[in-house]
Amino acid sequence: MNTPVITFRNVTKNYTLYHGLTGGFKNFLFRLPKAIKQIRDSKYCVLKEISFEVNSGETVGIIGRNGAGKSTLLGLMAGVLSPSSGTVEVKGKVAPLLELGGGFHPDLTGIDNIILNGVLLGLSRKEVAHKISAIIKFADLGGYITQPIRTYSSGMLARLGFSVAAHLEPEIILLDEVLAVGDADFQKKCMNKILEFKQSGVTIVFISHSMDSVREICDRAIWIEDHRVKMTGDAVTVTKAYQSCN
Amino acid sequence: MKNQPKSSHYLDLIIVLFLKEMKVRYKSTSLGYLWSILHPLSFAFVFFIAFKVVMRIQMEHYTLFLITGLFPWQWFANSVSTAPMTFLGNASIIKKVNFPRNILPFAAVLQDMAHFLFSLPVIVVFMLFYGKSPGLSWLYGIPLLLAIQFLITYGMALIVSSVNLFFRDLERLTGIALTLLFYFTPVVYAESMVPEKYRSLIYLNPLASLMINWRNLLLNGALDPRHLTVSIVYGLVIFGLGSAVYKKLSWKFGEVI
Ligand SMILES: Nc1ncnc2c1ncn2[C@@H]1O[C@H](COP(=O)(O)OP(=O)(O)OP(=O)(O)O)[C@@H](O)[C@H]1O
Ligand SMILES: [Mg+2]
């Protein structure tokens with residue numbers, strides 16, 4: 001199966017820096033011409049004319065230094081960010097971006113978060129209700145599942161988030177360094193689940209600073225540096241090149 | 001590239017977000033009901049003391065007069081004053097999933113509307129106490145005014161919640177604007193008490209015609225067609241404006257939040 005499910009064509013992403021606005025309305029109004037000019041000028045370019053494809057069923061690792069633009073790339077895939085130019089095409093049901101400090105609302109319980117998560121992903125309430133016991137079992141949070149998630153540790157949040165994503169039958173999973181905080185036991189569980197996903201043809205994009213996990217999970221790796229794709233190819237080759245460069 | 005929901009799924013999304021809002025805001029549903037009544041009632045009490053007891057306003061059933069204006073006003077004021085936080089408070093959702101973000105203010109305004117509806121029985125109790133009773137015209141009048149107020153309130157909420165992501169101090173401005181608007185709207189006084197030469201200015205206030213009709217409907221079972229038309233026009237304009245602002249800004253939400 002070599003049909004691309006994620007396609008980036010000449011994607012450029014600029015962030016507008018709003019330092020002119022943090023001064024608030026008053027500053028903005030009193031220095032209107034200057035403020036507008038400032039907004040126009042203060043763009044920060046993170047990704048510059050990037051093009052690549054991710055094929056259906058592939059597991060791809062994204063590597064690069066802090067601030068290279070990995071999370072930005074994932075945000076573009078998830079559709080929560082829009083490219084400044086170029087096109088991003090994603091085909092299939094995307095699971096909510098999984099990142100550190102997951103969870104949706106601190107005052108909601110684990111169960112509430114699961115339901116919200118599922119419905120936002122595109123399931124009906126009924127479908128979520130069917131799956132909820134399997135999710136709770138996988139997360140294995142004991143009595144905490146009925147507690148507000150502000151009482152969770154970061155590992156527990158990752159467990160909750162991953163469990164939901166794993167059971168909602170997504171076609172594309174985006175992981176931003178989530179596995180790093182799970183304990184050995186849960187990491188193993190996740191690894192197994194990810195392997196299971198690979199077998200069933202789910203596409204996974206995985207950001208990590210751990211070259212070992214990239215090598216272990218991914219077929220392919222993309223190395224982002226200086227706003228561009230510096231290297232892409234077989235996971236072992238790319239991670240080796242990246243390591244020898246640092 | 002997006003999980004665009006079908007219409008049946010929209011409903012599920014709204015229900016789930018509605019319930020979430022309920023939990024987050026009031027922690028428990030039963031207490032939420034109490035708040036939605038206590039808040040406007042305490043306001044009514046304050047204005048009763050100020051205008052009836054102290055300033056001796058010449059009006060019979062002033063309590064009834066107050067609450068028939070204050071209850072719908074509270075819905076509007078609650079929705080708009082919490083709007084700056086609608087997107088900010090849901091930052092983690094917005095940064096993780098692509099879905100129609102306007103469902104968030106929609107569910108929030110729906111929430112306040114529900115509380116207003118739940119508070120209507122209180123108005124009925126007061127009416128019965130003063131020897132009045134609800135009219136048949138409520139059957140069509142209430143849904144009609146609800147729809148108009150929903151348009152106005154949702155439109156305002158869209159504007160305030162979207163713009164606040166870019167100007168974080170909008171929250172304060174909103175508070176000031178609401179207070180001003182409140183005293184320019186015939187809620188604690190009747191429109192007939194406004195001096196003749198200023199009376200036509202009332203039409204400049206998008207909320208005035210609506211509030212006048214609420215009171216008209218609840219107290220006398222009547223709707224003023226002229227005020228009705230004005231409020232429908234305001235509803236459409238504000239809703240259109242809100243949608244335009246949202247459309248223009250929403251693609252940037254993920255990065256400024
Ligand atoms: N919302 C934003 N507004 C302005 N600049 C941003 C925004 N988000 C990220 N940036 C900038 O874009 C660059 C890339 O950020 P990004 O989060 O994509 O990096 P990353 O590769 O994920 O880094 P890390 O390994 O530390 O997670 C950084 O310089 C960051 O400061
Ligand atoms: Mg990152």
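Chain identifiers are assigned alphabetically (A, B, ...) following the order of the sequence lines, protein sequences preceding nucleic acid strands; residue numbering begins at 1 within each chain. Computation of the quantities below employed the complete heavy-atom set of this structure, encompassing side-chain atoms and omitting hydrogens, waters and symmetry-equivalent molecules.
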Take atom NZ in A/Lys48; do more than 12 heavy atoms of anything else shown fall under 6.0 Å from it? no
Per-residue contact mode, B/Arg172 against chain A (heavy atom under 4.5 angstrom): neither
Could you report the tightest heavy-atom contact between A/Ala78 and B/Lys96, atom names first, then the distance? CB-O, 4.2 Å
Counting neighbours of CZ on B/Phe184 that are heavy atoms of other residues, nucleotides or ligands and sit closer than 6.0 Å, is the number greater than 12? no
Spacing of CZ belonging to A/Arg125 relative to CG belonging to B/Leu11, to within rounding of 0.5 Å: 7.5 Å
Is there side-chain contact between A/Val80 and B/Arg101, with at least one heavy-atom pair below 4.5 Å? yes
CG of B/Asn98 to CG of A/Leu76, rounded to nearest 0.5 Å, is 11.5 Å
Would you indicate whether B/Phe239, at its atom CZ, is surrounded by more than 12 heavy atoms from other residues, nucleotides or ligands within a distance under 6.0 Å? no
Flag if over 12 foreign heavy atoms under 6.0 Å of CZ, A/Phe197: yes
How far apart are the closest heavy atoms of B/Lys20 and A/Leu116, and which atoms are they? CD-CD2, 3.7 Å
Around atom OH of B/Tyr203, are there more than 12 heavy atoms from other residues, nucleotides or ligands closer than 6.0 Å? yes
What part of A/Ile172 is in contact with chain B, defined as an atom under 4.5 angstrom from a non-hydrogen atom: side chain, backbone, both or neither? neither
Considering only heavy atoms from C-beta outward, does the side chain of B/Val16 approach that of A/Ile115 to under 4.5 Å? yes
Quick one: pull up OG in A/Ser84 and CH2 in B/Trp251 and give me the separation to the nearest 0.5 Å. 6.5 Å
Would B/Lys252 and A/Thr16 count as having a side-chain donor-acceptor pair, cut-off 3.5 Å? yes
Salt bridge check, B/Lys23 against A/Asp107: does any charged N sit closer than 4.0 Å to a carboxylate O? no
Does B/Leu88 have any side-chain contact (heavy atoms from CB on, under 4.5 Å) partners at least two apart in sequence or in another chain, and if so, which? B/Met85, B/Asn164, B/Leu165, B/Arg168, B/Ile257
If you take all heavy atoms of A/Leu120 and B/Val97, which pair is closest and at what distance? O-CG1, 3.7 Å
Taking B/His9 for its side chain and A/Leu123 for its backbone only, find out whether a donor-acceptor pair lies under 3.5 Å. yes
